[in-house]
Every structure is written in structure tokens, then in C-alpha cells.
Amino acid sequence: MERKVKWGVIGSGGIARRRTIPEGIIKAEHAKLEVIYDINSEINNSVAKEIQVVPAGSILDLLKSDIDAVYIASPANIHLDQVIACAESKKHILCEKPLGMTVKEAEEMIRICSGNEVILGVGLMMRFLSQHQSALKLILEGKLGKPVYARAQLSCWYPPIEGAWRQDPETGGGGSLMDMGSHCIDLLEMFFGKIKSVSCFINNIIHSYRSEDSAVVSMLFENGAIGTVDTYFCIPDNSSKNILELYGSKGSILAKGTIGQGSEGEMTAFLESDDSGYNAQQERNAGEGMKIAPKPVNTYMAEIEEFSNAILQNREPTNNSALGLRSQKILAACYMSARTGKVVEIE
Ligand SMILES: NC(=O)c1ccc[n+]([C@@H]2O[C@H](COP(=O)([O-])OP(=O)(O)OC[C@H]3O[C@@H](n4cnc5c(N)ncnc54)[C@H](O)[C@@H]3O)[C@@H](O)[C@H]2O)c1
């Protein structure tokens with residue numbers, strides 16, 4: 001396969017500039033960056049200069065250029081309109097999470113993309129981390145036994161900032177849960193399968209903006225396992241180690257820092273052999289466990305490479321729109337639970 005997918009970017013000044021362009025689109029073997037657009041032309045011009053690519057003056061200009069696919073990395077409340085514009089111009093779309101603001105918006109995106117015969121993917125790139133893939137393999141091979149409990153944590157310090165779109169549900173769809181909890185929930189579904197129901201608390205413990213700065217979700221998986229996601233905008237960065245814990249009847253997989261944007265986290269598996277019986281003394285194996293340290297993968301490069309290959313091979317990408325819709329459905333159930341104080345079944 002020699003052809004490269006020609007990419008455009010909408011919303012070049014945020015995560016696109018920090019990660020997805022330099023680590024993903026520029027580095028991926030089957031991708032080539034052609035044109036970028038940001039509503040802030042000063043930023044757009046400076047990113048364009050930085051990476052030696054053409055700046056577009058409008059979305060229309062970007063869509064008129066000879067590109068195959070667009071990476072949308074604008075605030076969540078603009079995703080729907082931009083996905084529609086790209087789909088109607090017959091461009092394939094990798095849209096950042098969340099897929100719009102609501103279940104309805106995600107469904108609308110899927111309908112429009114399907115009607116225009118373009119592929120829609122979602123930027124839930126943490127699935128690609130090589131340690132997460134190794135953990136998934138161990139679980140699928142039955143090494144963890146029957147799944148029992150999963151926890152995923154992603155928190156940071158995010159103080160009030162004038163005009164910050166994540167701090168207002170009108171523009172972000174929600175706060176820490178929508179923004180970071182969405183990655184955690186998606187990862188736990190990848191590891192343990194479908195979530196059946198959720199119970200959720202959200203709060204503003206420290207910051208006074210309109211979006212929640214704190215959220216905890218308890219979830220029951222269809223296979224009977226139980227899980228939690230905890231995600232805060234009000235814990236200092238260095239205090240949150242972004243823990244991932246996966247427990248089963250035959251062992252555990254414990255990780256620190258694998259959830260996030262980099263690939264420097266650590267993961268260890270503590271697995272029992274098949275014949276281990278009940279130990280009345282409850283002696284703990286003092287062993288260090290088995291380090292899970294496969295060759296690191298840059299998640300931004302992996303998501304762009306996978307999506308580019310999906311286009312070239314005319315197939316669904318791994319991070320397809322169904323995942324984006326699923327994420328919106330679970331998030332909607334979480335917010336409903338937080339509002340009503342009830343356990344909510346996933347639609
Ligand atoms: N997967 C990840 O690792 C990851 C990390 C951060 C953000 N995100 C997602 O990426 C998206 C953007 O987040 P961010 O942190 O980069 O936000 P940001 O605010 O840092 O950057 C967004 C950029 O979009 C531009 N923009 C705003 N309105 C626009 C419009 N109408 N048209 C074109 N450009 C516009 C802004 O000027 C800014 O440069 C969100 O959906 C967010 O959830 C994903």
C-alpha cells in the first residue's frame with residue numbers, strides 16, 4: 001500500500017498542535033498533512049509556519065482543497081456542524097471525542113456520514129496504547145479469570161479560565177466526566193465488555209464554574225463485574241496517578257499513568273496459576289508480578305495510521321462512530337443518574 005491519505009485539520013490550535021499533528025499526522029506512514037484551519041487565524045498561521053503547511057482562511061477553503069480526510073479538534077459544541085460540512089464535501093472524518101454534545105448529535109453525525117458514504121471515527125485514542133492492548137489480550141485469553149472489578153482514574157488541576165469551553169456545559173457538554181471520564185469509561189468497556197447500568201455522583205467541590213469538577217461512576221457490567229471511574233478537575237496533576245486496576249478471579253493487572261496522553265505509564269500483572277486453591281492464611285505472594293512493557297506505541301500516531309488505513313482499505317476503522325455513540329449513551333445515563341439519584345440502565 002503506497003498511497004497516503006491527504007489530511008486537513010479543523011481546530012489546529014489545541015490538542016492538534018500539541019499532539020495529533022506533530023506526533024500523529026506528520027509521523028504516520030499513510031498520512032500526509034495538506035491544510036489546516038482554526039477560527040483564530042493568528043494561531044492557525046503560526047501552526048502552519050511551525051509545520052510548513054498551508055493555512056486555510058475558512059472551512060470552505062479547507063474543504064475545497066484536495067484532501068481525503070479531516071481531523072476535527074474543535075470544542076465539542078461545534079463538532080456536529082463541522083462533521084456535517086465535511087461529510088457533505090465527501091471527506092472522511094476523524095472527530096475528537098466526545099462525538100458532539102449528546103446522543104442525538106452523535107446519531108445525526110452517523111446518519112449524515114453514512115448518507116454521504118464517508119467514514120466517521122472518534123478520537124478515543126487511549127485504546128491504542130500498547131500496554132492497554134497487552135492487558136486486553138491477557139483478559140481475552142482468560143488469564144485474569146472471570147472479570148471482577150475494574151477502576152479507571154483520570155484527573156488533573158483545571159482552575160477557572162475565562163471563556164474556557166469545557167467549563168460550561170453549553171459548550172463542553174459536561175465537565176470532568178464528559179472530558180476525561182469518557183476515556184476511562186471507554187477503556188473499561190474495552191477491557192470488561194458492555195456496561196449494563198450506572199450510578200453516578202457529580203459535584204463542584206472546588207471550582208465554581210458551571211461544569212462539574214468532580215465525578216464518580218459506579219458501573220455494573222453485563223458479565224456481572226463491577227467497576228468505578230473517578231475523574232476530577234480539582235486534584236493537583238502530580239497527585240493523581242491515573243490509576244487503572246483490573247481484577248479477576250485469577251489475578252489483577254495494575255497500572256499507573258497508562259491512562260493519559262503519553263506512553264510512559266507502568267503496568268504489572270499479578271496472575272495466579274490455574275491450580276491455586278484457597279489459602280486460609282491469606283498469604284500474599286511477595287513477588288513483583290509480571291511487568292507488562294511491550295514496545296511503546298504513540299497513541300496519536302496509531303489512531304491516525306489506523307484511520308488512514310481504514311480509508312485506503314475502504315473498511316470501518318477500529319475507533320469507529322459506534323464507539324463514539326456508545327460513549328454518549330453511557331455519559332447520558334451517568335448524568336441522568338447524577339440528576340435523579342437513581343441507577344440508570346444503558347439504552
Ligand atoms: N484525545 C485526546 O487526547 C484529547 C485531548 C485534548 C482534547 N481532546 C478533544 O479535542 C477537542 C479540542 O480540545 P482542545 O483541548 O484542543 O481544545 P482547545 O480549546 O485547546 O483548542 C481548540 C481549538 O479549536 C479552535 N476553534 C474554536 N472554535 C472553532 C471553530 N468554530 N472552527 C475552527 N476552530 C475552532 C480554537 O481556536 C482552538 O485553537 C475536544 O473535542 C476535546 O475533547 C482530545
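These numbers come from the heavy atoms of this one structure, side chains and all, not from hydrogens, waters or symmetry mates. Counting starts at 1 for both ligands and their atoms, following the listed order.
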Each residue besides Trp165 in its hydrophobic cluster should be listed here, by chain and number; the cluster joins Ile, Leu, Val, Met, Phe, Trp and Tyr at side-chain heavy-atom distances under 4.5 Å. none
Verify, without hydrogens or angle tests, whether Gln131 (side chain) and Gly265 (backbone) share a donor-acceptor contact under 3.5 angstrom. yes
Side-chain donor/acceptor of Gln133 to backbone N/O of Arg127, under 3.5 Å: yes
Using a cut-off of 6.0 Å, state whether more than 12 heavy atoms not belonging to Lys90 lie near its atom NZ. yes
List of N/O pairs, ligand 1 versus protein, all under 3.5 Å?
| from | atom 1 | to | atom 2 | distance (Å) |
| --- | --- | --- | --- | --- |
| ligand 1 | 1 (N) | Glu96 | OE1 | 3.3 |
| ligand 1 | 3 (O) | Tyr300 | OH | 2.6 |
| ligand 1 | 15 (O) | Arg18 | NH2 | 3.4 |
| ligand 1 | 15 (O) | Arg166 | NH1 | 3.3 |
| ligand 1 | 15 (O) | Arg166 | NH2 | 2.8 |
| ligand 1 | 16 (O) | Ile15 | N | 2.7 |
| ligand 1 | 17 (O) | Trp165 | NE1 | 3.4 |
| ligand 1 | 19 (O) | Trp165 | NE1 | 2.8 |
| ligand 1 | 32 (N) | Gln82 | NE2 | 3.0 |
| ligand 1 | 34 (N) | Ile39 | N | 3.3 |
| ligand 1 | 37 (O) | Asp38 | OD1 | 2.6 |
| ligand 1 | 39 (O) | Gly13 | N | 3.4 |
| ligand 1 | 39 (O) | Asp38 | OD1 | 3.4 |
| ligand 1 | 39 (O) | Asp38 | OD2 | 2.6 |
| ligand 1 | 41 (O) | His79 | NE2 | 3.2 |
| ligand 1 | 41 (O) | Lys97 | O | 2.8 |
| ligand 1 | 43 (O) | Lys97 | O | 2.8 |
| ligand 1 | 43 (O) | Lys97 | NZ | 2.9 |

Within the 3.5 Å criterion, strictly below it, is a donor on Ser239 or Trp157 matched to an acceptor on the partner's side chain? no
Strictly by modelled atom types, are Arg17 and Ser46 linked by a side-chain donor-acceptor pair under 3.5 Å?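 There is such a pair (donor and acceptor under 3.5 Å, judged by atom type) between the side chains of Arg17 and Ser46.
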